[in-house]
Amino acid sequence: MLAVFVSPLLSSSTVYAAEPKRMIYDEAKLLDLDEIQLLENAAASYAELRETDFIIYTTNNEKNVDVVKLTQDFYDNKKLGYDKPHGNAVILTMDMKNREVYLAGFYKAKTLLDDGRLDKIRNKITSNLSGGYYYSAFSDYISTANRYMGFKPGVNPDNIVFNGWFQLAVAFFVAFFIVWGMRANAGGRVTVNAGTYANAGTSGIINKHDNYLSTTVTKKRIPKPTNTSGGGGGGGRTSGGHSHSGSRGSF
């Protein structure tokens, strides 16, 4: 008698789910698990929209490496990038030993998040970083970087004309004056003007003259712009040859 044994391993297929890309590297333990997951979700959502990875890296920096070098080596070693290894990415690095923060944009993010825009982002989040509100600061970093990437290079993304409430107010006043003008015209056309009761044959200017009084010159000192979070810095190039924009400051 011939016995046939069929292994269950041959009759079924094993499916391995792709591991979600990691974008929050909280080595300094500044966040709880729920906060990390919320930030991961937000970063993943915006990454699809901007084709750029939004990275957060926190470290206690026990070897006391400069924060810019930390960021550059992290990018090189982790091979970060949305589109490819060493591709589009923006990184926020927190050096808890020296209480410094550095933001860097690579490739697409270098263009759309230049030094000036990264300065703006850093200035927006510094007060929360100083106060220990790390989740709020990181959330603002991700959302603001995403919003800024929606503007062409050279445009001030904080210009009031791009503010939704301002645009709504302008639309309201335009609509108001259009309606007001329509109602005014509906009441009949006004035919009386300045010349209706004037006699052109007898009216005229008798005399005119100008009196010079004085000239006043006022001098006002224009203060130089200051950096509220004590930083600035700029971009650079990693050891692997990847150039980037940058903004550095303390908190």
Side-chain angles (χ1 to χ4, degrees), residues 15-62 65 67-97 99-113 117-118 120-151 157 238 240 242 244-249 251:
V15 179
Y16 296 95
E19 184 177 344
K21 179 183 286 188
R22 182 181 176 188
M23 288 192 246
I24 312 301
Y25 298 82
D26 184 28
E27 295 182 5
K29 308 298 181 185
L30 304 180
L31 305 165
D32 61 37
L33 293 179
D34 289 338
E35 291 171 334
I36 290 174
Q37 190 58 56
L38 288 171
L39 291 171
E40 287 279 12
N41 293 342
S45 175
Y46 291 137
E48 292 293 325
L49 179 63
R50 303 302 181 193
E51 297 183 341
T52 299
D53 281 351
F54 295 79
I55 306 296
I56 295 172
Y57 170 44
T58 74
T59 174
N60 290 320
N61 193 14
E62 295 176 357
V65 179
V67 68
V68 177
K69 179 67 172 172
L70 277 173
T71 306
Q72 293 173 339
D73 289 349
F74 189 74
Y75 178 82
D76 281 344
N77 295 336
K78 293 292 185 181
K79 300 179 180 179
L80 300 173
Y82 172 85
D83 50 332
K84 61 181 179 179
H86 299 134
N88 303 333
V90 55
I91 305 175
L92 182 153
T93 300
M94 292 279 291
D95 172 8
M96 298 305 294
K97 181 179 182 65
R99 296 193 66 81
E100 282 194 296
V101 58
Y102 186 69
L103 286 82
F106 292 84
Y107 292 96
K108 184 179 181 180
K110 178 188 175 184
T111 301
L112 296 177
L113 295 173
R117 290 185 179 182
L118 291 181
K120 287 177 176 288
I121 296 173
R122 183 175 52 78
N123 286 329
K124 287 178 184 291
I125 67 174
T126 295
S127 60
N128 276 334
L129 292 178
S130 299
Y133 305 109
Y134 300 118
Y135 172 77
S136 295
F138 296 157
S139 180
D140 288 344
Y141 146 70
I142 293 174
S143 61
T144 305
N146 166 70
R147 185 171 70 84
Y148 281 7
M149 290 189 74
F151 295 92
T238 73
H242 306 283
H244 60 89
S245 57
S247 177
R248 177 178 189 162
F251 62 93

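In this chain, numbering begins with 1 at the start of the sequence shown.
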Just do the salt bridge (Lys or Arg N to Asp or Glu O under 4.0 Å) check on D73 and K69 with the steps written out, would you? CA-CA 6 Å; D73 289 349; K69 179 67 172 172; 3.3 Å; yes
Assess whether ring pair (Phe, Tyr, Trp, His ring centres under 6.0 Å) is satisfied between F74 and Y25, documenting all intermediate values. CA-CA 10 Å; F74 189 74; Y25 298 82; 5.0 Å; yes
side-chain hydrogen bond (donor to acceptor under 3.5 Å, both in side chains) assessment of D76 paired with T238: CA-CA 7 Å; D76 281 344; T238 73; 3.0 Å; yes
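Y75 places a side-chain N or O within 3.5 Å of a backbone atom of H86 that can act as its donor or acceptor partner. Although no hydrogens or angles enter the test, the distance criterion places no donor-acceptor pair under 3.5 Å between the side chain of S139 and the main chain of Y135. Remark: the backbone N or O of D34 is paired with a side-chain donor or acceptor of D32 at under 3.5 angstrom. Checking side-chain atoms of R117 against main-chain N and O of Y148 turns up a donor-acceptor pair under 3.5 Å. With S143 contributing its side chain and D140 its backbone, the two residues share a donor-acceptor pair below 3.5 Å. Within the 3.5 Å criterion, the main-chain N or O of I24 finds a donor-acceptor partner in the side chain of R22. A donor-acceptor pair is defined here as one N or O able to donate and one able to accept, closer than 3.5 Å; such a pair exists between the side chain of T52 and the backbone of R50. A donor-acceptor contact shorter than 3.5 Å is absent between the side chain of D95 and the backbone of R99.
Distance CG/L92 to CG/L103: 4.5 Å, rounded to 0.5 Å. Here the CG atom belonging to L31 is positioned 4.5 Å from the CG atom belonging to D26, to the nearest 0.5 angstrom. A distance of 10.0 Å separates OH in Y133 from OG in S127, rounded to the nearest 0.5 Å. The OG atom of S247 lies 3.5 Å from the CZ atom of R122; values are rounded to the nearest 0.5 Å. The distance from the CE atom of M94 to the OH atom of Y57 is 12.5 Å, given to the nearest 0.5 Å. In this structure, NZ on K120 lies 11.5 Å from OG1 on T144, to the nearest 0.5 angstrom.
Between Q72 and H242, the side chains place no donor N or O within less than 3.5 Å of an acceptor N or O (distance only, hydrogens not considered).
Contact of the L39 side chain with the I36 side chain is not registered, since no non-hydrogen atoms from C-beta on lie closer than 4.5 Å. Two residues are said to be in side-chain contact when any heavy atoms from C-beta on lie closer than 4.5 Å; D53 and M23 meet this criterion. By the 4.5 Å heavy-atom criterion applied to side chains, I142 and I56 are counted as neighbours. With contacts defined as side-chain heavy-atom distances shorter than 4.5 Å, the pair V68/L70 does not qualify. Looking at L129 and F138, their side chains come closer than 4.5 Å, going by heavy atoms from C-beta outward.
Between A145 and L113, the shortest heavy-atom distance links the atoms O-CD2, 3.8 Å. Annotation for T71 and A104: closest pair CG2-CB, 3.9 Å, computed over non-hydrogen atoms. Between S245 and A109, the closest heavy-atom pair is OG-O, 4.2 Å. Residues M96 and A28 come closest through the heavy atom pair CG-CB, 3.8 Å. Counting all heavy atoms, side chain and backbone alike, G87 lies closest to F106 at O-CB, 3.8 Å.
Judged by the 6.0 Å distance and 45° axis criteria, K108 is not positioned over the aromatic ring of Y82.
Annotation: L33, atom CG; neighbour count of heavy atoms from other residues, nucleotides and ligands within 6.0 Å does not exceed 12.
Partners of D83 by side-chain contact (heavy atoms from CB on, under 4.5 Å), not counting sequence neighbours, listed by chain and number: N88.
We find that R248 and E100 are joined by a salt bridge, their nearest charged nitrogen and carboxylate oxygen being less than 4.0 Å apart.
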